[in-house]
Amino acid sequence: MMDGIALRRALIEKEYGFLNEQQRQAVFQIEGPLLVLAGAGSGKTSVLTNRIAYMLRYGDAYHAKADPCFSGEQIRHLEACLETGLDQQARAWLAESPVSPHELLAITFTNKAAREMRERLERLAGEEASGVWVSTFHSACCRILRRDIEKIGYSRSFTIYDDEDQLGVIKECLKTLNLSDKDFAPREIRARISGAKTLVQSPEELMQVAGDFRTRKIAELYAAYEERLRKMNALDFDDLLLKTLQLFADHPPVLEHYARRFRYILVDEYQDTNRMQYLFVHLLARRSQNLCVVGDDDQSIYGWRGADISNILDFEKDYKGCQTIKLEQNYRSTNGILSAANAVIGNNLSRKKKELWSAKGEGEKAKYTRLSDEMEEAGYICGEILTLRGQGLPFGEMAVLYRTNAQSRVLEERLVFSGIPYSVYGGLRFYERKEIKDVVCYLRLCANPADDVALRRVINEPRRGIGEATVESLAAYARQSGETMLGAAMDAEQVEGLAARAKAALSGFGQLMGQLLAHKELLGPAEFTAKLLELTGIRAQYDKDEDESRARFENIGELLGAVAEYEKMAETPTIEGFLEEAALVADVDGLREGTGSVTLMTMHSAKGLEFGAVFVTGMEEGLFPGTRAIFDEEKLEEERRLCYVAITRAKERLFFTNATRRMLYGAPQHNRPSRFLDELPETLVEREDRSAPWPSELRRSRARGEERENKERRELPRAGETPALRKPSQVNMAAGADFGVGDAVRHRRYGQGMVVKLQGDVAHVAFPGLGIKEFDLRFAPMEKA
DNA sequence: ATCTTACCGATTTTT
DNA sequence: TCGGTAAGAT
């Protein structure tokens with residue numbers, strides 16, 4: 001007969017019998033650090049949610065050393081349960097000091113992941129689940145900061161700036177520092193500042209490590225940027241984490257409070273954490289050591305935005321006594337697809353070895369097809385899509401993946417032409433639309449009168465005759481009087497050097513804001529927003545009989561709907577609360593699932609999704625892997641991981657395509673097939689070359705017997721006409737040197753190459769590792785080497 | 001102040 | 001090729 005401990009274990013194992021051995025191990029291991037290396041499609045979310053549900057219900061019952069001391073009657077009942085399954089009674093007896101919901105913190109990267117986890121958890125654990133903090137890094141930090149940010153010198157009503165707002169601030173800073181946005185592209189500055197913040201580097205620290213003039217200037221910009229943000233009581237997305245770290249560092253009792261509270265912490269997608277996120281988790285978990293991280297180093301594809309893969313690779317070093325569990329059984333794909341994925345990723349050196357397998361059969365072979373150009377590629381894909389549809393696969397189960405968004409256009413054209421329903425993922429999100437952002441900025445200005453960025457945006461929206469010059473005078477006045485711009489606008493009469501008309505316009509705006517602020521006190525968020533639309537004239541502005549106006553106002557209607565929805569849901573609804581939701585939960589109109597259309601998206605955004613059939617397009621050197629990755633081993637490995645992610649999205653069917661010749665950014669490219677294709681074993685892929693010896697548009701026009709127009713298209717050399725007989729003036733006018741086939745050349749961007757073909761003004765130049773590119777010699781920044 | 005035309009530059013993206 | 005932005009016209 002079993003003892004109490006063994007019986008308890010047996011029962012709990014039975015209760016979680018739907019999980020595999022490794023998954024169960026991960027669920028039951030709740031004390032101490034735990035690293036779960038979850039391969040693609042290995043049931044990671046299931047482990048995460050079941051682990052939480054297990055903790056809430058059973059505590060540490062599986063590993064508990066204390067004898068449960070069951071009575072004879074209990075034992076009889078429980079043993080019966082071993083056969084029949086557990087009932088409520090049995091479950092209650094098994095529990096061993098269950099974890100309380102408020103001791104749990106589960107962190108994800110995206111709102112979508114948080115929502116999914118919360119939903120699944122509620123299904124598993126019911127009511128109790130609502131007490132668990134399931135949130136993104138950013139919203140967890142936001143919550144912490146709303147409580148205590150005053151301790152580090154911000155007001156609790158701080159505003160969150162998105163990247164567009166950031167650019168505005170950076171442009172302002174460039175002016176103050178007298179720097180040109182030509183030399184310091186605002187987007188680059190933003191990336192550099194974000195990079196520094198991600199490394200938890202202050203402006204001073206950046207200045208200290210700055211080796212060159214440029215970086216020193218960037219450090220100055222960073223300092224100015226920080227100062228501006230602080231004045232405006234605003235935080236950017238990085239600040240949500242950074243300021244939380246600062247709060248923890250400067251006020252240990254605050255950290256103490258959360259570290260004590262969150263005895264159990266789970267982090268999803270750990271391979272994507274950056275330094276700030278690592279530290280945040282580390283600080284909270286240092287005391288309890290009950291930290292469970294789940295991730296897959298092979299799916300780390302966000303290194304370029306600060307994700308530090310060594311966080312997951314070094315977890316075992318950081319957390320002594322850590323348990324590591326690998327989930328290698330895949331529940332998504334056929335073995336053929338998994339072997340392809342394993343083969344590709346096996347070429348990476350810095351990784352934890354994993355080998356995916358599945359209980360599904362071998363499945364259909366993957367198919368690689370080489371086409372002539374991107375139009376042919378798109379056409380081929382449409383053909384295959386229709387075939388698959390004919391075989392009964394719904395459109396909604398198919399995805400076309402590409403490396404860059406620019407590739408989607410041609411695909412879309414062909415899909416429309418073929419009458420295939422599709423939806424493109426990516427592009428402008430709801431809260432980034434102009435009309436929405438305008439309204440949101442009015443709301444923001446009402447919530448935080450110091451939000452000068454919002455003011456600049458709305459002060460002349462709709463048009464009320466306040467131009468750039470007026471705004472700059474206002475800003476100057478505000479700067480020297482130490483007021484906010486709104487404050488300055490409210491006593492516009494004081495502002496010097498302004499025409500009477502400008503002053504009048506400014507005070508008009510000031511009065512408008514005064515009215516709005518008064519109404520804000522009296523009305524609920526939804527009513528207030530409606531009022532705002534009237535008073536500002538936004539409603540009137542869009543009240544025109546044009547399609548665009550109507551569409552934009554419809555969006556505003558949706559925004560009103562979102563405010564009303566928020567008002568219904570929130571305990572104490574406020575404009576501030578709504579704005580926080582809008583800033584952090586930007587996916588009101590995310591990808592509509594189950595719409596029965598083919599999905600077009602980048603390989604990056606496909607992470608976490610799955611489809612019956614997947615097309616991985618543009619498999620070309622220079623595109624995938626991209627030019628920048630080819631000479632950089634680390635970047636190349638990240639591209640390879642991206643390839644792995646793309647492949648593992650497929651459940652049943654997998655297609656690779658590429659084109660001999662591709663128009664990219666208006667310039668024709670000739671790329672060799674991607675090296676990732678070479679890494680796929682011959683036995684796993686069926687290869688077909690459908691590329692034509694001539695460019696397809698040429699073939700088409702020939703077939704139609706058309707005359708080729710000379711303007712854009714180049715003439716092919718005709719028989720009897722050699723390049724040497726061409727008028728010299730047409731050859732290399734600007735280049736100043738005569739090029740011939742076989743010449744070594746140096747291109748400003750691509751470096752050393754060799755001319756392989758000359759057609760009039762067009763030279764075909766081969767670059768090692770990059771393939772052949774075509775240049776118009778009259779303009780190409782290229783010289784003889 | 002606002003509208004129109006010439007340029008430049010260009011992975012990947014969430015919060 | 002496309003879109004966003006900067007200088008020029010009205």
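Note that the structure is a prediction, hence the values are computed from the model and not measured. Below, chains carry the letters A, B, ... as their sequence lines are ordered, and counting in each starts from 1.
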Under 4.0 Å between a side-chain nitrogen and a carboxylate oxygen: does that hold for Lys171(A) and Asp181(A)?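 Looking at Lys171(A) and Asp181(A), the cut-off is not met.
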Pair Lys434(A) + Glu461(A), salt bridge at N-O below 4.0 Å: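 Yes.
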_Gap separating the CZ atom of Arg675(A) from the CD atom of Glu621(A), nearest 0.5 angstrom_ =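 With rounding to 0.5 Å, CZ (Arg675(A)) is 4.0 Å from CD (Glu621(A)).
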Determine the contact category for Asn460(A): base if any of its heavy atoms lies under 4.0 Å from a base atom, sugar-phosphate if only primed atoms, P, OP1 or OP2 are that close, otherwise nothing.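 The answer is sugar-phosphate, as Asn460(A) gets under 4.0 Å only of primed atoms, P, OP1 or OP2.
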Requested in this report: Report which part of the nucleic acid Asp181(A) touches: base, sugar-phosphate, or nothing (heavy-atom distance under 4.0 Å, all strands).
Outcome: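 Counting heavy atoms under 4.0 Å across all strands, the contact made by Asp181(A) is with sugar-phosphate only.
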- Task: Please check the phosphate of dA1(B) (OP1 and OP2 only) for any side-chain N or O of Thr470(A) closer than 4.0 Å.
- Result: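 Looking at the OP1 and OP2 atoms of dA1(B), one of them is under 4.0 Å from a side-chain N or O of Thr470(A).
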Please state how far atom [atom1] in [X] lies from atom [atom2] in [N], giving the value in whole angstrom units.
| X | N | atom1 | atom2 | result |
| --- | --- | --- | --- | --- |
| Ile144(A) | dT15(B) | CD1 | P | 18 Å |
| Leu506(A) | dA1(B) | CG | P | 10 Å |
| Leu235(A) | dT14(B) | CG | P | 21 Å |
| Tyr431(A) | dT15(B) | OH | P | 13 Å |
| Glu468(A) | dA1(B) | CD | P | 9 Å |
| Ile107(A) | dT15(B) | CD1 | C1' | 14 Å |
| Leu664(A) | dT1(C) | CG | C1' | 9 Å |
| Ile160(A) | dT14(B) | CD1 | P | 17 Å |

| message | Would you say the rings of Phe109(A) and His138(A) are close, in the sense that their centroids are separated by under 6.0 Å? | response |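 Centroid separation for His138(A) and Phe109(A): 6.0 Å or greater.
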Quick tally for nucleotides 6-13 of chain B: nucleotides whose base has a protein heavy atom under 4.0 Å get B, sugar-phosphate-only ones S, the rest -, giving ----BBBB
- Query: Should Thr159(A) and Asn448(A) be marked as a side-chain hydrogen bond (donor to acceptor under 3.5 Å, both in side chains) after you check the CA-CA gap, both sets of side-chain angles, and the distance that decides it?
  - Reply: CA-CA 7 Å; Thr159(A) 300; Asn448(A) 173 13; 2.8 Å; yes
Original post:
Can a cation-pi geometry be assigned to Arg214(A) and Phe184(A), taking NZ or CZ under 6.0 Å from the six-membered ring centre and within 45° of the ring axis?
Top reply: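 Output yes; distance and angle both within limits.
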Is the NZ or CZ atom of Arg641(A) positioned over Tyr644(A)'s six-membered ring, under 6.0 angstrom from the centre and within 45° of the axis?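 Judged by the rule, Arg641(A) and Tyr644(A) form no cation-pi pair.
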**Item:** Verdict with reasoning, Asp268(A) to Thr108(A), per side-chain hydrogen bond (donor to acceptor under 3.5 Å, both in side chains)
**Value:** CA-CA 5 Å; Asp268(A) 190 15; Thr108(A) 62; over 6 Å; no
Could you go over nucleotides 8-10 of chain C and give all protein N or O partners under 3.5 Å, atom names and distances?
none

task = Nearest-nucleotide wise, let me know which of Thr136(A) and Arg464(A) is further upstream toward the 5' end of DNA chain B.
result =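 Its nucleotide being nearer the 5' end, the pick is Arg464(A).
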All N/O pairs under 3.5 Å across the protein-nucleotides 2-4 of chain C interface:
none

- prompt: Distance-only, no hydrogens or angles: does the Asn111(A) side chain make a donor-acceptor pair with backbone N or O of Leu584(A) under 3.5 Å?
  reply: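 It does hold such a pair.
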Quiz item: Has Glu634(A) got more than 12 heavy atoms of other residues, nucleotides or ligands less than 6.0 Å from its CD?
Solution: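 Count not over threshold, so no.
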query: Of the options Gln541(A), Arg552(A), Arg457(A), Arg433(A), which is the one that meets Asp438(A) in a side chain to side chain donor-acceptor pair (under 3.5 Å)?
result: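 That would be Arg457(A).
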Base orientation of dT12(B), syn vs anti, 90° cut from 0: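 Anti, which is what one calls it when the glycosidic angle falls more than 90° from 0.
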Just to verify, which of Leu145(A), Leu229(A), Leu242(A) counts as forming a side chain to side chain contact (heavy atoms under 4.5 Å, CB included) with Leu235(A)?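 That would be Leu145(A).
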